[in-house]
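Okay, structure first, notes after.
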Amino acid sequence: MDVVRRALLLFVALSTACSFDLPNVPPERFACIEEAPAPDGLLPCPESHWCVDGDCLPRFSCDTEQTGRPGCTFASTRCEPVVTPYSSAVRCESGIHTSTSARASSSACGCADGLHCVAFAAEGASTSYPLYLLPEGGALESVDAEVEDWRMCLRACSSEANCPANHTCRLAAVDDAAARASDERGRFTVGVCFPEEIVTSSVALEMQPQPDACQASSECPAGTNQGCVYSVETVADHPDVPAGEAWDNAAIVGRCDGFSSGLVEVGIGCLMGSNCKTGLCVNGRCALPCNPRTPLLCPTSRCAAREVERNRGNLPPVVDSVFVCD
């Protein structure tokens, strides 16, 4: 009997010694070899990720490790698109930005170092208001027509943290037929810093791709009860080349809209932007949005970029940088 008992105790001890808990590893963190599809045609990572350096990583992530906030360390890196034959992504690469939101120097999309050429599809040429990131040489392949004179040189981005004031990180379809033809399930969209009010070099153009965009109430239609109101807008996925679940972004954007009664005037104390008529709460007071190109709108202060935050209930807050009279 003692022999049986000792054998049982030894079996339990050995069983306990050999047992262990498997680590809880998310599926997207499993190792991958390359971006090429498997024999069954499936890509090695989920739709929201891409294979880089042996790991499935978020393809809309420009993050420098061990930093206090998301985004690249602009002193040494910048957010760059990376296009493979099977997908496109963004990540921090060496180099610094030289400029932002410049007009393309020619129809061939000449852009300064660190910027990338984006075209706007003409109304009716696509199903919504799309942006297209053009390959070198500037040939637009996906749509029949584009808005004339609206080729822009823009930064790549993965969030508002990568963009300057009054820019929204929006999706652009990578317009590269060769890449798209390689696999019909390819994921060919990247983020670009879209300026809510287009910056031009010398000529002030009347037409805006989004006519109701504003940086100050003076830019809204005269004689109407409209002011420049900043609110949270969902940045829609691209209708033709969707990123799917990889993209879930929102931004704080300015639009000409009617002031709502009961909201707080500029200069009065506030807790959040939704308390204010302008939609902006900066340093505990409702702030007046301004256009840095017309600083006289701030007669007793300066027009400066300030970081603002909007809460969205249970969703993560939206943080962006906008110009206000400070």
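- Proximity of a side-chain donor or acceptor of S88 to a complementary backbone N or O of T189 within less than 3.5 Å is detected.
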H167 and E160: CA distance, side-chain angles, deciding distance, side chain to side chain donor-acceptor pair (under 3.5 Å) verdict: CA-CA 7 Å; H167 285 65; E160 306 302 302; over 6 Å; no

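- Here the SG atom belonging to C290 is positioned 10.5 Å from the CZ atom belonging to R302, to the nearest 0.5 angstrom.
- Put simply, the side chain of V319 reaches to within 4.5 Å of the side chain of E307, judged on heavy atoms.
- Every residue two or more places apart in sequence or in another chain was checked for a side chain to side chain donor-acceptor pair (under 3.5 Å) with T278, and none qualifies.
- Remark: C286 SG to C276 SG, distance under 2.5 Å.
- Here the side chain of S158 pairs a donor or acceptor atom with the backbone of C62 at under 3.5 angstrom.
- For residues 314-326, the pairs satisfying salt bridge (charged side-chain N to carboxylate O under 4.0 Å, His left out) are R306-D326, with sequence neighbours left out.
- Minimum interatomic distance between V52 and C32 (heavy atoms only, all atoms of both residues): N-SG, 4.4 Å.
- The ring of H238 has its center closer than 6.0 angstrom to the ring center of Y132.
- Taking SG from C298 and CG from N291, the interatomic distance works out to 10.0 Å, rounded to the nearest 0.5 Å.
- For the cysteines C157 and C163, the sulfur (SG) atoms lie at a distance of at least 2.5 angstrom from each other.
- Considering every non-hydrogen atom in both C79 and C72, the closest pair reads N-SG, 3.5 Å.
- The side chain to side chain donor-acceptor pair (under 3.5 Å) check on Q226 picks up nothing, with sequence neighbours excluded.
- Residues forming a side chain to side chain contact (heavy atoms under 4.5 Å, CB included) with C111 (at least two apart in sequence, or on another chain): L115, C117, C153.
- Although no hydrogens or angles enter the test, the distance criterion places a donor-acceptor pair under 3.5 Å between the side chain of T84 and the main chain of S87.
- In terms of the side chain to side chain contact (heavy atoms under 4.5 Å, CB included) criterion, residue partners of S274 (sequence neighbours excluded) are, by chain and number, M272, R310.
- Checked against salt bridge (Lys or Arg N to Asp or Glu O under 4.0 Å), E233 has the following partners two or more places apart in sequence or in another chain: R170, R255.
- Its side chain within the 4.5 Å cluster rule, I268 clusters with V264 among the Ile, Leu, Val, Met, Phe, Trp and Tyr residues.
- The shortest distance between side-chain heavy atoms of W247 and R59 does not fall below 4.5 Å.
- Note on residues 109-120: pairs passing salt bridge (charged side-chain N to carboxylate O under 4.0 Å, His left out), not counting sequence neighbours, are R78-D113.
- Summarising the geometry of C169 relative to N249, their closest heavy-atom pair is O-ND2, 3.5 Å, with the distance given to 0.1 Å.
- As summarised for C256 and C220, their two SG atoms come within a distance smaller than 2.5 angstrom, satisfying the threshold.
- Under the 3.5 Å distance criterion, with hydrogens and angles disregarded, no donor-acceptor pair is assigned to the side chains of T77 and E93.
- Every residue meeting the salt bridge (Lys or Arg N to Asp or Glu O under 4.0 Å) condition with E265, not counting sequence neighbours, appears here in chain and number order: K277.
- R285 contributes a side-chain N or O that, together with a main-chain N or O of G267, makes up a donor-acceptor pair within less than 3.5 Å.
- With sequence neighbours left out, E47 forms a side chain to side chain donor-acceptor pair (under 3.5 Å) with no residue at all.
- Checked against side chain to side chain donor-acceptor pair (under 3.5 Å), N311 has no partners two or more places apart in sequence or in another chain.
- Note that the CG atom of L288 and the OG atom of S217 stand 6.5 Å from one another [nearest 0.5 Å].
- Through chains of ILVMFWY side-chain contacts below 4.5 Å, V318 is grouped with Y230, V232, I252, L280, V282, V308, V322, V324.
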